[in-house]
Structures are given as structure tokens and as C-alpha cells.
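Letters A, B, ... mirror the listed sequences (proteins, then strands); counts begin at 1.
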Amino acid sequence: MIFRTHMAADISGLVGESVSLAGWVARRRDHGGITFIDIRDASGIAQVVADGLATEDLRMEFCIRVMGTVRARPEGTINADLPTGTVEVAADSIEVLSPSDPLPFMLDDRVDADERTRLEYRYLDLRRPRMAANLRARSKAVSAIRRSLEGLGFLEIETPTLVRSTPEGARDVLVPSRLRPGSFYALPQSPQLFKQLLMIAGVERYFQIARCYRDEDFRADRQLEFTQLDLEGAYWGENEVQTTIEAAIAAVVQDLRGESPPLPFPRLTWQESMDRYGADKPDLRFGMEIVDLSSELTGTEFRGFAATLESNGVVRGINTGAREFPRSLADKLTEEAKALGAAGLVWMVIEPDSQLRSPVAKFLAAHEQKAIVEALAGQPGDVLLLVAGPWRTAVTVLGQLRLSLGRPEGHRDLAFVWVTDFPMFEETGDGNLTFSHHPFTSPQDVEVMRNRPLEAKARAYDVVVNGVELGSGSIRIHHPDLQRQVFDILGISAEEQESRFGWFLRALRYGTPPHGGFAFGIDRLVMVLQEEANIRQVIPFPKTQTGHDPMTMSPSPVDEGQLAELGIALVEE
RNA sequence: GGGGGUGUGGUGAAGCUUGGCCGUUCACGCCGGCCUGUCAAGCCGGAGGUCGCGGGUUCGAAUCCCGUCAUCCCCGCCA
């Protein structure tokens, strides 16, 4: 039996032909003698006219099959908002293939039901045109990636999803082993070591659309499991990696947006990015850059600034442009700055007569006020915000305020950027060092790393779009001795190095080619390109912020017997 | 671990600031009826809610307070 001869979206040119369509009742407009039914299938919507046919038992989202004849719509009834709006199907018969219960929510892009309910009935949510479009976009993105990389000679290779746990980095998702009770696999946080092993294995050009798992708290752009384009190449430097990633991203943007972004992407060093935007994932769609005011304020009488500058701190500011600046906004921004760790926030409004209105104006000399306004290119009406403090605090607080005040809604414009030259290490709270990328990243200068590790730069780079970190990569360490030195600096003892990474250090000893690579989040890229505010809109079956799936009710307790087989006993809370 | 927002018939919203006229209102859906050119069709009628849950304040709580659960956003965390 042939269910249908055509898709709903394809009937425009078929006037006079007999067709059979199958899909859902998206709308029914019953005029008594005549009824209009919008039938929706995966391709789109077509109007069916039932003249003299019984339609009382057709309800929302009933699955139906319509046989009839395509005809041009009468004069004056063309619907310009519908791609098939010039034609309609005059139905000879309408058959209910499958009725539907009353819906838990309207399948309408104009209203969003509560997200928990949408997840509980995700199969209905995904029928909504916007969600269906996101599924298609995702498929096209993956297809574009494969096409571009296969053209460049890459091999798509799968790596295990049951791997050895590594305590570094994110929390692992653990899987107990039945055959070795008391031992656990981890789900991969990324295929990092396996792709390096593939370089040692002679693959030279590897990629994978890889599912990754990180058991950390959720955010709008973070889920427990997510999908990355993971790739790696041998005999590669930064430029080769970045060019390849740019090609893959450009192919995706081309297929989803219909135009390619300008290549190459601009590049910022991590230092520049922090100094100018207060973030390592800068949103370059707007200016409002952070400006250093320390030299303008050298020798100032104002204690608040002078004390900071004497203790090696900085004073920096942003010009937020001309805006209304009621007391309530000043208070709100001050609160925000304090919550982010600033001692306070200094605001200044440039009055029409160019005088500064500010709580601290009376403490600042005239030449200092003038210098501040000039440094921030202030015009009458502009609101300036200043933060004094340690460099890192000052720039990150201003970076956050910059986003609060200037960030565009949505993601219509795209501003890709490479952020390069990340620090090799960061200090942890307890004074130890940790890696800022991952422990297999090559330093730019081995001598600097040994002697002044906190000043050492890594051969690591991120790609960012509109303030969203898409992914990161690096040139890897390919000498076992250097790898050991990095482990030493990270405070991993020789015994630990051997027990946890001995197998990998051994592999490095067999003629490892220099190599490097990258991984970026496909969910995030599609999210931005589809102008979605969170990653769940582009993941077919995501979880809530507490890792719960309201449809299948996972996670769930398991049988005593299952636990016993695994040698697991639960502890009462 | 912390901060903030939300929770009101199946769905979306208003009501909460300032307690009583409130299980009151609007739209969609659902049920019944009318209607031959609509496209979120229209008109008439109807059903449907322990106002997330628990406790407290009060003569009286959807509304105020405390706790708790769910969900969303953010900080921490996320190589």
C-alpha cells in the first residue's frame, strides 16, 4: 500500500494532479458544509479542503491520509504566509490512520509550554516546526562536517566509550564492571588520549563525531552528555589545525545560514582578550572595550584608587555609551560587581556640560577627570563604569558588566574569533598548579615552563563565537620526558604517573609524530546558528538541570539483583 | 555548595506589591450545537482547578512568613 504520493510542501506545481498525502492535522477550520484542514508532514504544511466530507472526528494531531486533487486556490484566498499557499488539495477521502489523545500542550511555535512538560512529551515537542528545524539543522551540520573533512583526507574512527577513569578534569560518569567487581569504567570526557594514540598508530588525519560525558553542574550551554567534532592531525602546527577547523565550521555555517563567515577568523591572544573584553571567550559583536586607566590615575589623591594602585592593582573602565542611568540601575550594577568579587563599582555620568556626575567626582582632580573621559572617549550622556582591584578581578567584573549592558539578543550576527596563547597553568585555591587546557598540551617554551610555570604559555587555542566557547585544541606533547615534566609540575608523583599514565607514556616512546588537534561542541555551534538560547533546544532528548529525564524517568533505582551482580551495596543516606 | 526567577483548570497568561469582593478573568485546547472560503476561522453553550507540597501568622491566605520539591538562569564547578 502506498501511503502517500507526495510531500505536503511539494504540491505547489501539481495543479490538476491526483495526490495522496499523509501527516497530522495541524489545524481544522470547520465551516459546517466545508472544512479546511492544514495537514503537516515532515516537509511542511498543505491546506486540504473537505467539501461535503465528514470531518467532525478529526482533531488536533490526528494522523491522517488524504486523497484528492491539487487545484489552484480561488481568487482572493491565496495565503502568502504559507509556502504552498497558492494551491490546496480538494479531498476525495480522508482516512484516520491513528487518532490522538487531547494534547498536553499546543504544538505551536508562538507559545512555549513549561519545559518539563515538553521533555515529558518530547516526541510531541519535536513535531513543532522550530524543533523539527533544529533537528534538521543538526543533521545538516554533521553532514557538512563529514563532507569537508573527508575532502581533506580524514578518517572517521570510533574510540571506546568505556574507558579508564582519570581523576583530572571533570567528574567522570562511572560504569561498574560485572566481570571485575569493584572496578569501574568511565565514560569519556573526550577521546583525547585515544586520538593521540591514533597519531602514534599512523592515522595522521583522524576525526570523530564523538559523544562526551562530564558530570558537572548543568548550564544553558552544558549537558551531561554532548557531542563534539573531535579531530587530530600528525605533523601539524597551530596553523594547520586552525585552518581545518575554520573549513569545517565555515561548511556548517554555509549550509545552515546560506553564507560563509569571513576566513580566517580574527585572532586574539588570551592576554588581549582578557585585557580588552574581560573574558577568555569574548563577544566581539559589540565594542564597549575595557580601557586601562591606571596611568591616568597615577598619584591620585582618591584613596580608593591610590590604595589599589600602590598594591599592584589596576583601575580599568568601560564606556557603556549614552543611556538612562537611574539610581536603581547604579545599585543593581554595583550589586552585580560585588557579587563577582569587586570591592565596589565607580560610576560616572557625563553631563551635557561635560562635568562628571559621580559619587567620587569630588575626590578626583580636574585633570584626572578629564584624562578618564578622554581615555574612554566619553561624550556627553555617556555612562562610565570603573573598577579598581587586582587585574584579574577588575577585568572579569568589567567583562561581565559589559555583557550585561551590551550583549545583543539572539545570534543573528556571527563573530568568530580564535583566542590563542593560553597560560599553561593556573593556580588552584590551595596554591597548587593545575593545567588550564589539559595535561597533554605542549608548552611554548620548555625553559620558561620549568623556571616560571605561571608565566608559561601553552600551545593551546579556543574558538569562540558570540561569547560562546565552541571548543579548544592544542599542539600536544610528543616526548615522554616532556610529558613527565608537566606531570611533575602538576604535582603528580612518579608512582602515580606510572600507575595512571604509564601505558600512555610508553606509547609516546615509539616514535610519536608531532601532532595536534581540536574539538568543538556541535550542540553549541548549532545552538548559536539556530539562534537558540540554550543547548536543550538542539538536543533531541536532553535532561533537566538535575540530570533527570521526565519522559523515561531516568535515572532510576535498579534491582537488588543487578547491584549484587556488580558487587555494589548501597549506603543509606 | 551559593544567589536569583518561576510554579494558578490540559496549555499559556492575569490576579500576589497593599490579605476579604477570588477558584475571579482572558486566549488556546477538550465536549455539544450553528455556520460553504477559512488559514491562530467565527458565533452560542458546557465540562474542567486541594492556586506545587507542608507548616506558620491571621477572624480570614493563591496573596504575608518559614521549610520543602520541581523547573529555569547565574556564581562556584566544567582539562
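Pairing for B:U18 is absent, with no Watson-Crick or G-U wobble pair whose two atom distances lie under 3.5 Å. When both pairing distances are held under 3.5 Å, B:A41 makes no Watson-Crick or G-U pair with any nucleotide shown. Pairing partner, B:G49: none, since no Watson-Crick or wobble contact has both distances short of 3.5 Å.
Among the heavy atoms of the strands, none lies under 4.0 Å from A:Arg118. Counting non-hydrogen atoms under 4.0 angstrom, A:Thr546 reaches the backbone sugars and phosphates but no base. If you check every strand for non-hydrogen atoms under 4.0 Å, A:Asn534 touches sugar and phosphate atoms only. Among the atoms of the strands shown, only primed sugar atoms or phosphate atoms (P, OP1, OP2) are found under 4.0 Å from some heavy atom of A:Arg116.
B:C44 sits 10 Å from B:A27 when the P atoms are compared, rounded to a whole Å. The C1' atoms of B:C64 and B:C16 are separated by 10 Å, rounded to the nearest whole Å. For B:G20 and B:G10, the P atoms lie 25 Å apart once the distance is rounded to whole Å. The separation of B:C28 from B:C43, taken at their P atoms, amounts to 8 Å, rounded to a whole angstrom. The separation of B:C51 from B:U8, taken at their C1' atoms, amounts to 4 Å, rounded to a whole angstrom. Nucleotides B:A62 and B:C22 place their P atoms 13 Å apart, quoted to the nearest Å.
Geometric assessment of A:Arg402 against the ring of A:Phe286 yields a positive cation-pi assignment under the 6.0 Å and 45° thresholds.
In this structure, A:Thr166 has no side-chain hydrogen bond (donor to acceptor under 3.5 Å, both in side chains) partners at least two apart in sequence or on a different chain. For A:Arg71, the side-chain hydrogen bond (donor to acceptor under 3.5 Å, both in side chains) criterion is met by A:Glu88, not counting sequence neighbours.
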Under-3.5 Å N/O pairs linking protein and nucleotides 9-13 of chain B:
| from | atom 1 | to | atom 2 | distance (Å) |
| --- | --- | --- | --- | --- |
| B:G10 | O2' | A:Pro104 | O | 2.8 |
| B:U11 | O4' | A:Pro104 | O | 3.3 |
| B:G12 | OP1 | A:Asp114 | N | 2.7 |

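Residue side chain A:Glu88 reaches the base of B:G37 through a donor-acceptor N/O pair under 3.5 Å, judged by distance alone. Taking 3.5 Å as the limit, the base of B:C72 and the side chain of A:Arg219 contain no donor-acceptor pair of atoms between them. One donor-acceptor pair, N or O on each side, does fall under 3.5 Å between the base of B:U38 and the side chain of A:Arg73. A donor N or O paired with an acceptor N or O is not found under 3.5 Å between the base of B:C39 and the side-chain atoms of A:Arg27. In the interface, the side chain of A:Arg28 is not paired with the base of B:C39 through any donor and acceptor atom under 3.5 Å apart.
If you check residues 482-499 of chain A against RNA chain B, you find no residue with a heavy atom closer than 4.0 Å.
With centres under 5.5 Å and a plane angle under 30° as the test, the ring of A:His31 is not stacked against the base of B:G42.
Using a 4.0 Å cut-off, some side-chain N or O of A:Thr544 falls inside it from OP1 or OP2 of B:U71.
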Whether each nucleotide of nucleotides 45-53 of chain B has a protein heavy atom under 4.0 Å at its base (B), only at its sugar-phosphate (S) or at neither (-) is summarised, 5' to 3', as ---------

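Among residues at least two apart or in separate chains, ring-ring contact (aromatic ring centres under 6.0 Å, His included) pairs with a member in residues 33-73 of chain A are A:His31-A:Phe36.
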